[in-house]
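Input: a single structure, listed below in structure tokens.
Only heavy atoms go into these numbers, but all of them, side chains included; no hydrogens, no water, no symmetry mates. Everything quoted here is computed from the prediction, not taken from an experiment.
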Amino acid sequence: MGKKVGYRENSGIMGTAVKFASMQGLFWMAIAVGGFQTVFMQAKGLNASSAGIVNAAASAVSIFATPFWAMLCDKTRSIKKIILPLFVIGALLYVLMPLSGGVYLFGVLGVMILIPLMSFFRMPFFSMLDNWLVQESHLKGLNYGPIRSFGSICYAIGGIITSALIPSIGLNTVFYVSSALFIPLILVSSRVEDVRPAQEKKLSFKELHVGQLFKNYNYVIFICYSFFISLAFTCDNNFLPYMVESLGSSGSNFGLCVGHPVLSGNSRAPALKASAQAPLLYKMTLLSATFFWFERRAFGALRPKPYYAHNCSRG
């Protein structure tokens, strides 16, 4: 009898792990396929400065959007109830991207308004989905590293395949494909149980004690780290397509530039699996990853042609 219970428990854990791996894979594939907003602005004639202003506005919006939606998750005691509607809205906004390139609102190209608007609903995806996985991993003993790493691999594959297909299917089509990928993501996510029991009392905003967070030294340091690393990633995504174009190629090769390093062996699964049991090792892994990312991008800035030839070429 004990063996049967153990088998059922193990099957349940495996089933949950498969669902979360599917969610990670579908989500990051959709993000990779639809991550060509800067390339879209480039194709519509916006220079690097204009695209930088749009992405800066999107980043500013995300600074307020992420804690806002996180507070709603805490208030409702459910990530699932918040993230599913956001997935639906995100899918619909991706459909509008091709249309925004030919529409002017108040004298401004529609895409310059749409991208910051998308950021309000889209940027919270990343932290909310990771928090959902972290909580579930803690409660059910899932191995966070391989599941999260599967999402990274799907992101790389999605970016590389999209870069290869854009000359054939056109840039507009990739946003429709990205939107379509949200459909199975929503279906899989809807079948995952909430982390917190449904009977738990919902919290008022007063009971969240948001101000107490900023008295926590570790939390403040984490916020500062997140801000600067997000700033670096935003600048990278904004100007990389323009750098590729300046070297005589198409900005659509952006997907190759971000996907190639992951498939070249930069998998995070072994490091995350080991660091989960050792907080000091986790800190070293985080610092090492940050350093190597900086080193790779610094090399790309100082020696753009060799960097492009190694990471961003189709051949």
Side-chain angles (χ1 to χ4, degrees), residues 24 27-28 31 52 55-75 77 79 82-83 86 116 119-139 142-149 151-152 155 195-196 203 205-239 258 261-262 266-299 301:
Q24 289 285 334
F27 171 76
W28 285 105
I31 293 299
N55 285 327
S59 296
V61 170
S62 69
I63 290 174
F64 297 98
T66 301
F68 170 76
W69 292 111
M71 282 170 50
L72 286 182
C73 289
D74 288 335
K75 187 180 187 315
R77 312 290 283 181
I79 295 177
I82 303 300
I83 201 171
L86 289 181
S119 184
F120 181 75
F121 298 99
R122 189 175 73 96
M123 291 308 292
F125 289 169
F126 304 94
S127 59
M128 290 169 66
L129 192 62
D130 267 354
N131 283 337
W132 198 359
L133 174 57
V134 168
Q135 291 181 25
E136 196 73 29
S137 299
H138 175 71
L139 291 174
L142 304 180
N143 197 327
Y144 172 85
I147 296 175
R148 181 60 183 82
S149 184
S152 298
Y155 177 82
V195 174
R196 290 165 173 154
L203 299 176
F205 284 111
K206 185 177 180 180
E207 292 175 308
L208 294 177
H209 303 295
V210 178
Q212 294 295 322
L213 291 174
F214 295 96
K215 296 179 182 179
N216 186 309
Y217 173 80
N218 291 329
Y219 180 77
V220 172
I221 293 298
F222 175 75
I223 289 294
C224 292
Y225 171 83
S226 299
F227 172 78
F228 285 110
I229 200 69
S230 296
L231 182 64
F233 279 123
T234 300
C235 291
D236 182 51
N237 289 336
N238 180 71
F239 297 111
V258 297
V262 176
N266 294 328
S267 175
R268 69 180 91 185
L272 285 176
K273 183 177 180 180
S275 63
Q277 307 299 325
L280 180 60
L281 181 58
Y282 178 78
K283 292 178 182 178
M284 294 302 297
T285 301
L286 195 62
L287 289 172
S288 299
T290 304
F291 171 78
F292 286 120
W293 184 89
F294 172 79
E295 176 269 335
R296 190 167 63 246
R297 290 301 184 255
F299 177 75

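- In this structure, CE on M128 lies 6.0 Å from CD1 on I82, to the nearest 0.5 angstrom.
- Of all heavy-atom pairs spanning F120 and W69, the tightest one is O-NE1, 3.0 Å.
- Across every non-hydrogen atom of A57 and P116, the tightest pair is CB-CG, 4.1 Å.
- Considering all non-hydrogen atoms of both residues, T66 and S127 come closest at CG2-OG, 3.5 Å.
- Of all heavy-atom pairs spanning N143 and P146, the tightest one is OD1-CD, 3.0 Å.
- Here the CD1 atom belonging to I31 is positioned 8.5 Å from the OH atom belonging to Y155, to the nearest 0.5 angstrom.
- For the residue pair F125 and L86, the shortest heavy atom distance occurs at CZ-O, 3.2 Å.
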Can F121 and V61 be said to form a side-chain contact (heavy atoms from CB on, under 4.5 Å), step by step? CA-CA 10 Å; F121 298 99; V61 170; over 6 Å; no
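- Partner I79 forms a side-chain contact (heavy atoms from CB on, under 4.5 Å) with one of N131, L72, L129 and no other, that one being N131.
- Distance check, rounded to the nearest 0.5 Å: CH2 of W132 to OG of S137 gives 12.5 Å.
- Going from atom CD of Q135 over to atom CG of L142 covers 12.0 Å, rounded to the nearest 0.5 Å.
- Scanning for ring-ring contact (aromatic ring centres under 6.0 Å, His included) contacts around F126 gives F27, W28, with sequence neighbours left out.
- Of the possible polar contacts, one joining the S62 side chain to the S59 backbone as a donor-acceptor pair under 3.5 Å is found.
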